[in-house]
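Scroll down for the structure; my scribbles are underneath it.
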Amino acid sequence: MTAADKIVVVGGGIGGVSAAVALAKRGMEVTVLERAPEIKEIGAGLQLGPNAGRVLQDLGVMDAVLRTAVLPHRFVLRDIYTGNEIYQATMGKEFVQRYGAPYTVIHRADLLDALLEVALATGNVEVVTGKEVVAVEQTNTAAHVQCADGSTYRGDAVIGADGLRSAVRRLTLDDSEPIRSEYVIYRGPGPRPEGTEDAVMLFAGDEIHLMQYPVQGGELLNRVLSFRSRTAAPGSEEWATREELFERFANTCDHIKESLHTLDLETRWVQFDRKPMAGWSDGRITLLGDAAHPMRQYLAQGAGQAMEDAVVLADALGNGAADVPAALAKYEEIRYPRTNAVQENTRFFGEMVHLGGAGAILRDAYLGTLADNDYSLAQWLYGTDGVAPPRVPGHMDIYSKS
């Protein structure tokens with residue numbers, strides 16, 4: 001067996017570049033292959049819990065992130081119809097002391113730029129764009145990546161960090177197509193109205209919601225609206241139209257109605273995830289981030305879990321690991337239970353947010369009993385003390401519907 005000295009990472013998104021930083025800082029040479037002609041993040045805002053913040057600190061990226069990030073002082077849940085506050089959790093000094101890092105909101109592009117800056121500064125990372133991976137093979141001593149342009153790359157390990165429709169996953173793990181959600185997403189980053197507080201604010205209703213928070217140093221307000229559409233197949237022309245959007249939000253509070261006109265109504269985003277599946281690691285090949293465990297948006301953990309993957313993977317391969325397949329198997333052994341729990345609880349939290357009727361009344365009554373420094377609901381996710389995640393009720397098959 002050869003030591004883990006040279007790694008090929010397929011995918012130049014947040015997960016792939018995080019892995020490159022973590023591996024490079026542990027002394028490995030890393031080649032990042034990106035299919036697009038440039039390293040560029042699409043989308044808008046991104047929330048990073050303190051679990052992701054601790055990774056940013058470990059990678060030495062936090063200072064670069066804080067140049068454009070916003071540190072919200074609280075999380076607020078409001079009723080989407082009345083605007084009334086249901087629950088709040090403060091995110092100030094006590095929160096940071098408890099979890100060792102702040103809660104951060106940032107534009108996706110800003111985070112990727114910060115990670116890329118630190119990656120290239122290590123001197124151990126090469127980024128090659130315009131590389132579409134078409135084959136991944138391995139021997140007892142190396143793994144090889146073949147690209148559509150005929151070029152090949154060799155590494156002691158290959159990391160598939162190429163997202164939901166991962167080419168590496170498709171070549172190594174035979175499973176079903178991603179699951180489409182019936183919940184559409186409309187986004188609307190734009191100018192921040194005067195008086196908007198530095199807070200993550202979730203307006204929840206019966207199968208509808210709107211999330212907002214400031215990004216880019218507080219200059220912009222990121223808005224994400226979602227509702228469940230059953231008019232047609234998700235992604236089709238007749239599904240989740242603008243007309244249905246305005247109909248579904250007709251009875252919401254004035255703030256929400258005004259926000260509708262700030263959204264990009266030309267683009268509808270479809271959510272995807274998969275059921276948790278083990279088997280990411282096969283010899284010298286493994287998966288990371290959405291390639292391994294794509295999840296819904298409701299716990300704001302997609303990027304955070306990819307970044308956690310990166311550090312555990314680098315630790316497993318660090319110190320010149322002589323048995324690379326064993327190191328990759330250990331990485332999956334450590335990460336799978338955690339990502340499995342996050343995937344499942346993300347779906348469960350999505351169900352809870354979108355309750356209506358009696359379910360919403362009971363949810364709101366319970367949340368109203370919690371103090372604003374009671375973080376018990378998130379301790380399993382943000383903490384480091386090994387608290388077990390909530391168990392999804394056994395009778396609820398959270399993957400039986402999209």
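For the numbers below, each heavy atom of this structure counts, side chains included, while hydrogens, waters and symmetry mates do not. What you are looking at is a predicted structure, and each value in this text was computed from that prediction instead of being measured.
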Separation between CD1 (Ile80) and CZ (Arg248), nearest 0.5 Å, reads 10.0 Å

Salt bridge or not for Arg74 and Asp372, using N-O below 4.0 Å?
no

Is there a side-chain contact (heavy atoms from CB on, under 4.5 Å) between Tyr186 and Leu245? Walk through the geometry before answering.
CA-CA 9 Å; Tyr186 283 90; Leu245 182 156; 3.4 Å; yes

Near-ring test His255/Phe203, centroid separation under 6.0 angstrom:
yes

Polar side chain donor-acceptor pair, Thr267 to Arg187, under 3.5 angstrom:
no

Report the C-alpha separation of Val70 and Thr104 in whole Å, then their side-chain angles, then the decisive distance to 0.1 Å, and conclude whether the side-chain contact (heavy atoms from CB on, under 4.5 Å) test is met.
CA-CA 6 Å; Val70 175; Thr104 308; over 6 Å; no

Rounded to the nearest 0.5 Å, how far apart are CG of Leu328 and CG of Leu287?
10.0 Å

From Asn345 CG over to Met295 CE, what is the distance, rounded to the nearest 0.5 angstrom?
10.5 Å

Identify whether the distance between the nearest side-chain nitrogen and carboxylate oxygen of Arg242 and Glu266 falls below 4.0 Å.
yes

In terms of side-chain geometry, is the basic nitrogen of Glu308 or Arg335 positioned less than 4.0 Å from the acidic oxygen of its partner?
yes

Nearest heavy-atom contact between Pro102 and Met62 is CD-CE, 4.1 Å

Can you list the steps and then say if Asp198 with Arg192 is a salt bridge (charged side-chain N to carboxylate O under 4.0 Å, His left out)?
CA-CA 11 Å; Asp198 284 344; Arg192 179 182 182 176; 2.6 Å; yes

Ignoring hydrogens and geometry beyond distance, is a side-chain donor-acceptor pair present between Asp385 and Gln379 at under 3.5 Å?
yes

Where is the tightest heavy-atom contact between Ala303 and Ile14, given as atom of each residue plus distance?
CB-CG2, 4.3 Å

Evaluation steps, ring-ring contact (aromatic ring centres under 6.0 Å, His included), between Phe227 and Tyr183:
CA-CA 5 Å; Phe227 66 92; Tyr183 280 89; 8.3 Å; no

Is there any ring pair (Phe, Tyr, Trp, His ring centres under 6.0 Å) pair reaching into residues 38-84, and which pairs are they, with sequence neighbours excluded?
none

Do the side-chain N and O atoms of Gln271 and Tyr298 include a donor-acceptor pair separated by under 3.5 angstrom?
yes

Do Glu117 and Arg67 sit within salt-bridge range, that is, some charged N less than 4.0 Å from a carboxylate O?
yes

In terms of side-chain geometry, is the basic nitrogen of Glu244 or Arg228 positioned less than 4.0 Å from the acidic oxygen of its partner?
no

Please check if the number of heavy atoms outside Glu137 that lie under 6.0 Å from its CD is greater than 12.
no

Would you say Phe246 and Leu265 make side-chain contact, with heavy atoms under 4.5 Å?
yes

For Val342 and Asn340, what are the C-alpha separation, side-chain angles and deciding distance, and is it a side-chain contact (heavy atoms from CB on, under 4.5 Å)?
CA-CA 6 Å; Val342 177; Asn340 184 345; over 6 Å; no

What I'd like to find out is whether the side chain of Ile7 reaches to under 4.5 Å of the side chain of Glu29, using heavy atoms alone.
no

Would you say Thr196 and Tyr213 are linked by a side-chain donor-acceptor pair, where the criterion is simply a distance under 3.5 Å?
no

For Asp273, is there an ion pair with Arg296 - N to carboxylate O distance below 4.0 angstrom?
yes

Compute the ring centroids of Phe349 and His354, then answer whether they are less than 6.0 Å apart.
no

Do Val30 and Glu126 have side-chain heavy atoms sitting under 4.5 Å apart?
no

In plain terms, say whether Arg230 and Glu207 are close enough for a salt bridge, that is, a side-chain N and a carboxylate O under 4.0 Å apart.
yes

When you look at CZ of Arg35, are more than 12 heavy atoms from neighbouring residues, nucleotides or ligands closer to it than 6.0 Å?
no

More than 12 foreign heavy atoms under 6.0 Å from CD of Glu85: is that the case here?
yes

Applying side-chain contact (heavy atoms from CB on, under 4.5 Å) to Leu59 and Val118, what does each step give before you reach the verdict?
CA-CA 8 Å; Leu59 298 180; Val118 174; 5.8 Å; no

Going by atom types only, do Asn51 and Tyr382 share a side-chain donor-acceptor pair under 3.5 Å?
no

Using salt bridge (charged side-chain N to carboxylate O under 4.0 Å, His left out), reason through Arg26 and Asp58 one step at a time and then give a plain yes or no.
CA-CA 11 Å; Arg26 287 156 178 79; Asp58 179 83; 3.3 Å; yes

Any donor-acceptor pair under 3.5 Å linking the side-chain atoms of Asn124 with those of Thr122?
no

Gap between atom CG of Leu367 and atom CD of Gln88 - 0.5 Å precision:
12.5 Å

Does NZ or CZ of Arg268 come closer than 6.0 Å to the centre of the six-membered ring of Trp239, within 45° of the ring's axis?
no

Rounded to the nearest 0.5 Å, what's the gap from CD on Glu238 to OG1 on Thr231? Could you check?
8.0 Å

Check this for me, if you would: do Arg363 and Asp79 make a salt bridge, where the nitrogen-to-carboxylate-oxygen distance has to be below 4.0 angstrom?
no

Is the shortest side-chain N to carboxylate O distance from Glu177 to Arg165 below 4.0 Å?
yes

Minimum heavy-atom separation for Met28 and Ala314, please, with both atom names.
CE-O, 4.0 Å

Note: Arg223 and Ser259 closest approach over all heavy atoms is NE-OG, 3.4 Å

At what distance, to the nearest 0.5 angstrom, does CG of Leu173 lie from OG of Ser281?
10.0 Å

